[in-house]
Structure formats: structure tokens, C-alpha cells
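Data block below; observations after.
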Amino acid sequence: MLFELFFVCFFSFATLFLVRKAARQFQLVDRPNSRKLHSGNIPLAGGISICITLSYFIFANHLKIDNALVFLPLMIVLTLVGAVDDKYDLSVKFRLLIQCIVAITMMYLTGNQLESLGNLFGFGAIDVSYASYVLTIVAVIASINAFNMVDGVDGLLGSLSIVTFFSILILALVNENQSIVLLSALTIAAIIPYLLMNLGFLGRERKVFMGDAGSMLIGFSVIWMLVSISQPSTTDISGSGVRPVTALWIIAIPLMDMVAIMIRRTKRGASPFEPDREHLHHIFQRLGFSPIQTTFSIFIISGLFAAIGVIADLYRVPDFIMFYSFIALFLGYYLLLSHIWKVSAYLREKFGIELKSENVLSIEPSKQGVEASEYEKKAS
């Protein structure tokens, strides 16, 4: 197993170099703009390379992976749509339509869907079979877009993905789900070379980005695996198995960041999918963190939340305690970001932290009036 995973890493490295050259030739590159502050045109090769690597090894092991021949084409379709979006900037409606079709196909061909949410509120298990299709579609779209939105600084998407897939790997091992153990291990091995090149460990001139192709692939793979290990069909009568609420903790940072961003955008009358510079990684950078420090800090926080979820699941902490704790965590997260200008001013006054000059007045453009003026006074 270890030798095969090492070979997956080597194959992914080789594929990255080839796809990187092809991406440059076809102008599949990420260009700097008002939201993207990197230098030069960076090839969007990561997602395509990971897809090629996983396609080869999943097909080679399709007898060991449940529904591999359904997962594989769906993953490829999403990667291709993401690559086209990277090149031509597809409409949000079209991307959502494709994601809906993929979710429906997954459910129809495999039965892999949300059937129970567990005992979320403490009044008994919630059977959602009557709304299973709708909830599964929402879950697929949410997972794909959560990982898409979090991809904004070097190494962040790759590192958060590894946290998520490693957590799934542990839970699958404990619950003896060998199919998901293999699939998650292959995915981690395929991502590692991308992460190293994305962080510039092989030289800045060899830098690559994931692109929407990669974030869509990762988001779909995450929800596929989480549903596979958390639904009644994978839970025996003794009550063992992964509880659905655990998924919230495993993808806590991407999920909370996406929901908080959408709420703030909606409150100011903008589209929930409108791009901006209000994400968690932007806030860290405004507080003076370098890109590497930002990635490392969020990686540690995400790892902590995932560890809480995994440990709570292994020790069978009641579902409703895990759920209410997560809701409290999200509310605290949302309130913190909503008043980040106050936190920034406090840090400046108490600890002498120098804030970045770019967009430091407020995290919400709608609050740049009186509050921004007050911030300027406090920070001066």
C-alpha cells in the first residue's frame, strides 16, 4: 500500500510538469487582477493533474472501490467543467446546473445520498428520506462551492483538503470501510505534489494553481466520501459508523467561511456568488500575516476543528452536543468577522500589530462609513 501511494505521488509529480506546460500553451493561466495579487501568469494545472492521476489509479483499483465506475466519470465531468470555467468564466447558473446533474446522477446510479441527519436536536434521529434528493443536491453544491471559495492563497486549498481527506481516512479505518480508506489515501497522495509546487518548494518559476477544476473535484470527492461513510447503509444495528454531524467539523473552515461570506453579501444586496476579498485568508493578510503564515494558521485551526470532530465521533459524543457546539462556533466566527475592524484596532493598540494598507478599514464595504472613520481614529 505504501509503495503504491509513493508511486501515486511520483505519477502526480510527472503529470503536473506535463499539464503545466500544456496549460501555458493553451493560455490556461491565472492572471493578476484586483482580487488576485500574485505575480505573473500562473498555470492552472493542479486540478487537471490530480484528475488524471486519480483517474488512472481509481480505474486500476475499481474492483476495490465501491461505485468507482460512477465516481470516476462524474469527477472527470466536474473537472472538465471547472477547466472550461477557468478559461472562459462560465455563468454561475450553468455551473450550478452541472453540479445538480452530477448530484442527481450520483444518487440515481449508486443510491449514495443523505437519508438521515442523526440525532441533531436531541429528540431522536432525523429521517429525511422524504427530502433526501433535495438535501443531497444542496450538500453537493455546498461542498463544491465551499472548497472553491476557500482557494485564495498559496497552499490553502491543498492543505485544507489534506486535513479533510486524512480525517475521512481515519474514520474509514476505524469503521473498516476499505473502499473509502483506499480512495482517500489515493487522493491525499495525488494532492501532495501539487501542494509542494503551489507553495514554491520546487522554485517559484514552477508554481501552479489548482483552478476551479481542482476545487470542484475536491469538493465533490469530499461529499462523496462523507455521505458514503455516514449514512444508514454504512451503519450497523449496534449504532457504530460515522455520524453525519461529524462532517460539519471535518469541513468546518470551508463551510463556515462560505456561509458567513454569503450572509454578508446578501445583507448588502450583492449576489452570494459574487467574488470579493472578504474571506478568512484575506482577513489574516490584512492583519499582517504573510501568505505562508496565513496558510499555516488556517491549516492549524482547521486541523483542530477536524480533530475535535473525529475524536468526538470516536468517543460517541451525542450528536446534539456536537451540533449545538458547531452552531455556537459558527455564530462566534460570524460575529468575529462582522466586527473584525474592532478586533484589528484592538490588536493594533495592544500588541502593535501593523495592518496591511489594502482594504483594512472594514471587512464589509457596507460598514465603511462611521465605523471606518472610528477605525481610522483608533488605528492612528
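If you're wondering where the values come from, they're calculated on a predicted model, not measured in any experiment.
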Nearest heavy-atom neighbours spanning Ser116 and Gln231: N-OE1, 2.9 Å

Expected output: side-chain Tyr194 to main-chain Gly158 donor-acceptor under 3.5 Å: no

Under 3.5 Å donor-acceptor, Asn175 side chain and Gly241 backbone: yes

Phe71 and Phe220 aromatic ring geometry - parallel, tilted or perpendicular at 30°/60° bounds: parallel

Heavy-atom closest contact (Ile253 atom, Ile301 atom, distance): CD1-CG2, 3.9 Å

Main-chain N/O of Asp154 paired with Thr295 side-chain donor or acceptor, under 3.5 Å: yes

Exercise: do Asn67 and Thr110 side chains pair donor with acceptor under 3.5 Å: no

Main-chain N/O of Pro244 paired with Ser230 side-chain donor or acceptor, under 3.5 Å: no

Ser55 vs Ile76 side-chain heavy atoms within contact, under 4.5 Å: yes

Backbone N/O of Gly219 and side chain of Ser143: donor-acceptor pair under 3.5 Å: yes

Donor-acceptor contact present, side-chain Ser49 to main-chain Ala45, <3.5 Å: no

Heavy-atom closest pair, residues Thr105 and Leu74: CG2-CD2, 3.8 Å

Ring geometry between Phe7 and Phe10 (parallel below 30°, tilted from 30 to 60°, perpendicular above 60°): parallel

Donor-acceptor contact present, side-chain Asp313 to main-chain Arg243, <3.5 Å: yes

Any donor-acceptor pair under 3.5 Å from Asn145 side chain to Ile141 backbone: yes

CD (Gln27) with more than 12 external heavy atoms under 6.0 Å: yes

Side-chain H-bond candidate by donor/acceptor type, Gln285 with Thr294, under 3.5 Å: no

Shortest non-hydrogen separation from Val163 to Gly303 and the atoms involved: CG1-CA, 4.0 Å

Check: Phe284 ring centroid to His281 ring centroid under 6.0 Å: no

Check: Phe209 main-chain N/O paired with Asn198 side-chain donor or acceptor under 3.5 Å: no

Sidechain-backbone polar pair: Thr136 side chain, Leu114 backbone, donor-acceptor under 3.5 Å: yes

